[in-house]
Amino acid sequence: MKRTYLEVWGDTVDGRHLLYSILIGVGLGTPAYLLAAWLFGQAEGIDQTLSKSYALLVGLAACVLTGVVSARLFPPKRILVEADDEPGSRDVAMDSIEQEFGPLGDPDELPAAVLREVKELGIYEDLARQHAKNAAKEVTR
Amino acid sequence: MEFLDAALWAVGMALIGAIAFGLLGLVSGTDETATIAPITLLVILLGVPPAGVFAFFMAAIASKHITHAIPTTLLGIPGDTMAAPLLQDAQMLRELGVPHIALRKAISGGVIAALIAVPLAVLFALVLTPFADAISAVAPWLFLAAAALVAVLSKGRWAALFALVPFVLLVVGLQTFATGVLDKGLTIAFFLGIATGPLIADLFLASSPAGRKLIGRAEQRTFELARDTRTWKGRMPNPLTVLDRKQLGYTATAASISSATFVFSPVAMTVLMGELFGARFKNGYHRLTSRMAIRNGTTESTYIAETLIPLIAIGLPLSPMAASVANPLFNAPPVYTIDAEAGTSNNLHDLLEPWQFLVFGLVAVVIAVLISYPFAMTQAHRAAKWVMRKVSHEAIIGAFAALIVVICLYEGGIVALLVALTVGLVGGMLNRMFNMHTGVQFMGFYVAALTVPAIMALFA
């Protein structure tokens, strides 16, 4: 059977793994806090409000720890692609950006410092070509 | 001697805050209210002196708003709530194949704005101090107006505005219930509920067959990470050379303006400043990169000013920021208290002088900048890759769920937990269905706490 995922809070997860992670987190974090609260409450010479804060500190540490445990048990369900600049791949991107945002503009009108930045990034030619394309469209219209 | 003692506490706590929250900024979705507020509360309850508490907080917000740009620009997932307005521009620069430029512009703008905002906010606070009583008197209505404004300006528009009514009533009802059972009101439970509402709503959807259809995905989500390139010479990057002169000028102007307008939602200000000053850049590429600097600068300046001005001038949490993330600095019983009926306070407002806010604030921000800025500029790519490869979303959610339970039990036992769950589910659904974002809901909480009693008093 093909595996399916759930999109929760902006990323994809495996439903079963998510359930286990929450059970591990809540199942270990809560007793850690309650136990610490009880122990610090028993200890003499610690102020009552302060003992609760110490317990909270223990509880928070336990939460982080459960996160580490779950991270070791369950691998991420996301695909990471390391992009390489392929020639031509920027054309599609520039078109879609201009649809959403408006024209990217003529790189030659940029102030000197920005022009240098654009050239160092290696996107000067792409921006210039895109601008020329748009200018040509204006003329034919 | 006394000053030396306070200064040592400030430096030490600022170091801790800057490192802890600089790292936390890398973890996407770690909402400021859900993380900075409870941990600041902890620092207060542990008995750290006022200078240390203040420096810890300032370093935490400055540092987090530098590193939050890393997941936002490199991965396209907002680092936290304040990073959300940066997302669209960051996405476009990512498609253009230059996410590292988006990142470097954003955090360089953040550094400049943070350093400007501290002295300016102290100055504005001193100007406002004579009017503190008048401001406190109109505060309930100010909050009502601000809530309405933030709601209408949000993506939810009129729906968000009208949904405020049932939401405020829900908060009033739950607060009455909690007070009846516990003999004290709840604060953190509400904040946690609102902040993690989208997560709680998603978890409910995940546990119902109909909901699973809505959020089910056949494929894993793909994140694209661009190659790393270095665009400055020498070892240490300098924000003054990463931004050009026009970008520096407008980032500084936006920071100055947003330092004075402390009653508005930081998210709304961030969007507004980006639109307002971004429009001054004619070239499209220039406008995109400049908006990154201006917007991220505004996330720093609004956070700093909205904390400092109410803290110095008024002593009541009279800004959206002071009402949420910075709330423990005003109200952390039994250490810092506000007596609403008598209108008196015993919190950082009373414990520190304006010059101390200035000195310790600057010290904290400088420490945060020195730690987080070089780190973000040089290590961003490696850190982002490590998190994406090694840390599953399940683990983050599991730890977060545990965090909610523990903090709620700490504040008010089972009752607090139930309140957080209720507010989270309702708020999360309102967010999902009507785009009533968490900023509007936070304002709703304060309308329930401040404006509703004032309205009742009118009819009494």
Would you tell me whether [X] and [Y] have side-chain atoms, one donor and one acceptor, within less than 3.5 Å of each other?
{"X": "A/Ser96", "Y": "B/Glu95", "result": "yes"}
{"X": "A/His131", "Y": "A/Asp108", "result": "no"}
{"X": "B/Gln247", "Y": "B/Ser290", "result": "yes"}
{"X": "B/Asn431", "Y": "B/His437", "result": "no"}

Taking the side chain as C-beta and beyond, is there a heavy-atom pair between B/Leu192 and B/Glu411 under 4.5 Å?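 Answer no - side chains too far apart.
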
If you define the side chain from C-beta out and look only at heavy atoms, does anything of B/Leu93 sit under 4.5 Å from B/Met292?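 The answer is yes; the side chains approach within 4.5 Å.
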
Top residue by heavy-atom pair count (under 4.5 Å) with chain A, among [options]?
{"options": "B/Leu403, B/Val406, B/Asn283, B/Asp202", "answer": "B/Asn283"}
{"options": "B/Arg245, B/Lys246, B/Arg221", "answer": "B/Arg221"}
{"options": "B/Leu42, B/Asp244, B/Val405", "answer": "B/Leu42"}

Okay, side chain of B/Arg212, backbone of B/Ala206: is any donor-acceptor separation there less than 3.5 Å?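 It does hold such a pair.
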
Option in [options] with maximal non-hydrogen atom pairs under 4.5 Å from chain B:
{"options": "A/Gly102, A/Gly105, A/Pro76", "result": "A/Pro76"}
{"options": "A/Ile24, A/Thr30, A/Thr66, A/Leu28", "result": "A/Thr30"}
{"options": "A/Ile22, A/Asp106, A/Leu6", "result": "A/Leu6"}

Interface moiety of [X] toward chain A, non-hydrogen atoms closer than 4.5 Å:
{"X": "B/Gln88", "value": "side chain"}
{"X": "B/Arg389", "value": "both"}
{"X": "B/Leu288", "value": "both"}

Does A/Tyr5 have A/Lys77 sitting over its ring (NZ/CZ under 6.0 Å from centre, angle to axis within 45°)?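 Judged by the rule (NZ or CZ under 6.0 Å from the ring centre, within 45° of its axis), A/Lys77 is not positioned above A/Tyr5.
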
Under 4.5 Å from any heavy atom of chain B - which part of [X]:
{"X": "A/Glu109", "value": "side chain"}
{"X": "A/Phe101", "value": "both"}
{"X": "A/Pro111", "value": "side chain"}
{"X": "A/Glu117", "value": "side chain"}
{"X": "A/Leu57", "value": "both"}
{"X": "A/Leu19", "value": "neither"}

Salt-bridge contact A/Lys133-A/Asp95 (side-chain N to carboxylate O under 4.0 Å):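 Yes.
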
Salt bridge check, B/Glu394 against A/Arg16: does any charged N sit closer than 4.0 Å to a carboxylate O?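 No, no charged N to carboxylate O under 4.0 Å.
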
